[in-house]
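First comes the structure, then the notes that go with it.
Values below: all heavy atoms of this structure, side chains included; hydrogens, waters and symmetry mates excluded. Since this is a predicted model, take the numbers as computed values, not measurements. Start at 1 and go down the list; that is how both ligands and their atoms are numbered.
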Amino acid sequence: MQREVREFVATCHLAKGALVTSLTLMDPQALENDARAAVADASSTDDVERIRVEYLGRKSQLKLALREVRDRETGMALNALRERLAAAIDGREGELARAEIDRRLTEERVDVTMPGSPVRRGHLHLITQIRREVEDIFLGLGYTVVDGREVETTRYNFDALNFPDGHPSRSPLQTLFLDDDTVLRTETSPAQIRTMEAQGPPVYIVSLGRVYRRDTPDATHTPTFHQVEGLVVDEGITLADLMGTLDYLLKALFGEARRTEFRTHHFPFTEPSIEAHVSCHMCDGSGCPVCRHSGWIEIGGAGMVDPKLFEFVGYDSDRYTGFAFGWGLERIAVLRHGIPDLRELWRNDPRLLSQF
Ligand code: PHE
């Protein structure tokens with residue numbers, strides 16, 4: 001009905017300019033009924049907005065009529081109609097807006113009690129784990145953990161450790177020199193000297209970190225690896241103390257059932273020097289590929305501190321004796337976990353690392 005009226009008005013406008021009043025053609029009661037019906041039907045605030053434009057907008061029938069009205073009474077009646085419609089539209093709009101907010105609050109509510117999607121967590125590298133494990137073992141024995149330097153002078157890396165002139169380690173073929181007097185340390189042993197220079201006896205320390213050698217990488221060598229250095233200096237320290245300590249360490253690392261064995265060896269800074277072996281944890285000594293069918297695994301060097309080192313740092317070598325050891329952490333890792341190639345520990349393939 002309302003649309004018909006409007007079309008008719010439009011036709012009149014087109015036909016005869018603006019002279020025909022829409023007022024005469026508009027039935028206000030029908031218009032109000034139509035508008036109210038449309039408002040009641042509206043199901044969204046967008047609908048309501050469209051209805052507002054249609055019934056109250058600039059080109060609405062009511063606006064046209066108001067523009068053209070000449071008598072006061074009709075004007076007041078149309079204004080009242082406009083206000084009623086505006087109120088109805090506003091009311092419905094408010095209702096729908098509240099409903100929409102309610103719906104969004106329900107639909108878009110985040111359930112904070114729902115479990116989140118799992119985040120893949122990393123973990124410490126196997127070498128870091130072993131490093132901390134060894135530190136913990138010695139902290140438990142009352143030792144102190146000290147830091148060394150990766151960049152060392154030849155004085156601390158060689159001279160103070162009693163390396164003779166011409167020793168192969170002093171050659172640039174074996175050691176990475178930064179200049180004539182500076183190297184990337186080839187072992188953690190310089191930490192022995194630095195510790196003894198910094199403090200008097202008794203000394204009970206371990207020092208763990210990276211060392212560097214000019215090696216071509218293969219299954220059993222990498223140019224960088226980690227060592228744990230141990231140093232004890234006190235009155236009455238004997239080889240038996242060293243062997244007892246290493247036996248304890250090996251059992252902590254490889255299992256209580258392991259047996260240990262010490263064979264003579266040579267290092268410039270220990271006298272006597274020994275090499276620690278542990279019964280194979282894979283075959284329990286009966287022979288397997290890990291122990292190369294010998295039943296024993298070689299772990300690393302140790303010995304009684306050569307009194308020449310005490311002279312170097314000013315310790316009284318008549319009163320004090322000491323022991324030291326220096327083992328590779330990668331070696332402990334590959335042996336303990338049956339990793340066939342040392343280089344795997346530096347490739348950092350998560351498929352390998354995630355197993356530890
Ligand atoms: N520094 C030796 C090495 O790198 C290990 C070692 C340390 C041996 C302390 C004896 C005493 O092979």
Any ion pair linking [Y] and [X] (charged N to carboxylate O, less than 4.0 Å)?
| X | Y | result |
| --- | --- | --- |
| Arg92 | Glu95 | yes |
| Arg343 | Asp341 | yes |
| Glu298 | Arg292 | no |

Next on the checklist: Under 3.5 Å between any N/O of Thr186 and any N/O of ligand 1: does that happen in this structure?
Outcome noted: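 So ligand 1 has no N or O lying under 3.5 Å from an N or O of Thr186.
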Next on the checklist: Regarding ligand 1, does Thr270 bring an N or O atom to under 3.5 Å of one of the ligand's N or O atoms?
Outcome noted: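 For ligand 1, there is no N or O atom that lies under 3.5 Å from one belonging to Thr270.
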Checklist entry - What's the verdict on side-chain hydrogen bond (donor to acceptor under 3.5 Å, both in side chains) for Ser207 and Glu229, showing C-alpha distance, side-chain angles and the deciding distance? => result CA-CA 5 Å; Ser207 187; Glu229 190 82 13; over 6 Å; no
Checklist entry - Ile299, Val211: one ILVMFWY side-chain cluster at the under-4.5 Å cut-off? => result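 As far as the 4.5 Å side-chain criterion goes, Val211 and Ile299 are not connected within one cluster.
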Proximity flag [X] to ligand 1, non-hydrogen atoms under 4.0 Å:
| X | result |
| --- | --- |
| Gln227 | yes |
| Arg185 | no |
| Trp327 | no |

Taking 4.0 angstrom as the limit and counting only heavy atoms of [X], give me the atoms of ligand 1 inside it, by number and element.
| X | result |
| --- | --- |
| Ala324 | 9 (C), 11 (C) |
| Ser189 | 1 (N), 7 (C) |
| Phe325 | 7 (C), 9 (C), 11 (C) |
| Gln192 | 9 (C) |
| Phe269 | 1 (N), 2 (C), 6 (C), 7 (C), 8 (C), 9 (C), 10 (C), 11 (C) |

Closest protein heavy atom (residue, atom, distance) for [atom]:
| atom | value |
| --- | --- |
| atom 12 (O) of ligand 1 | Phe267 CE2, 3.8 Å |
| atom 1 (N) of ligand 1 | Glu187 OE1, 2.7 Å |
| atom 5 (C) of ligand 1 | Gly326 O, 3.4 Å |

Using distance alone, with no hydrogens and no angle criterion, decide if [X] and [Y] have a side-chain donor and acceptor under 3.5 Å apart.
| X | Y | result |
| --- | --- | --- |
| Asn33 | Arg36 | no |
| Ser286 | Asp284 | no |
| Glu330 | Thr222 | no |

Checklist entry - Is ligand 1 under 4.0 Å from a heavy atom in the side chain of Arg213, in the backbone, in both, or in neither? => result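 Arg213 to ligand 1: side-chain contact only, backbone stays beyond 4.0 Å.
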Checklist entry - Which is it for Ala302 and ligand 1 at heavy atoms under 4.0 Å: side chain, backbone, both or neither? => result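 Answer for Ala302: backbone.
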Checklist entry - Looking at Tyr156, does the NZ or CZ of Arg194 lie under 6.0 angstrom from its six-membered ring centre and within 45 degrees of the ring axis? => result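 Yes, Arg194 sits over the ring of Tyr156.
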Next on the checklist: Could you check whether any side-chain N or O of Thr186 sits under 3.5 Å from a backbone N or O of Thr175, counting only pairs where one atom can act as donor and the other as acceptor?
Outcome noted: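 Checking the backbone N and O of Thr175 against the side chain of Thr186, no donor-acceptor pair under 3.5 Å is found.
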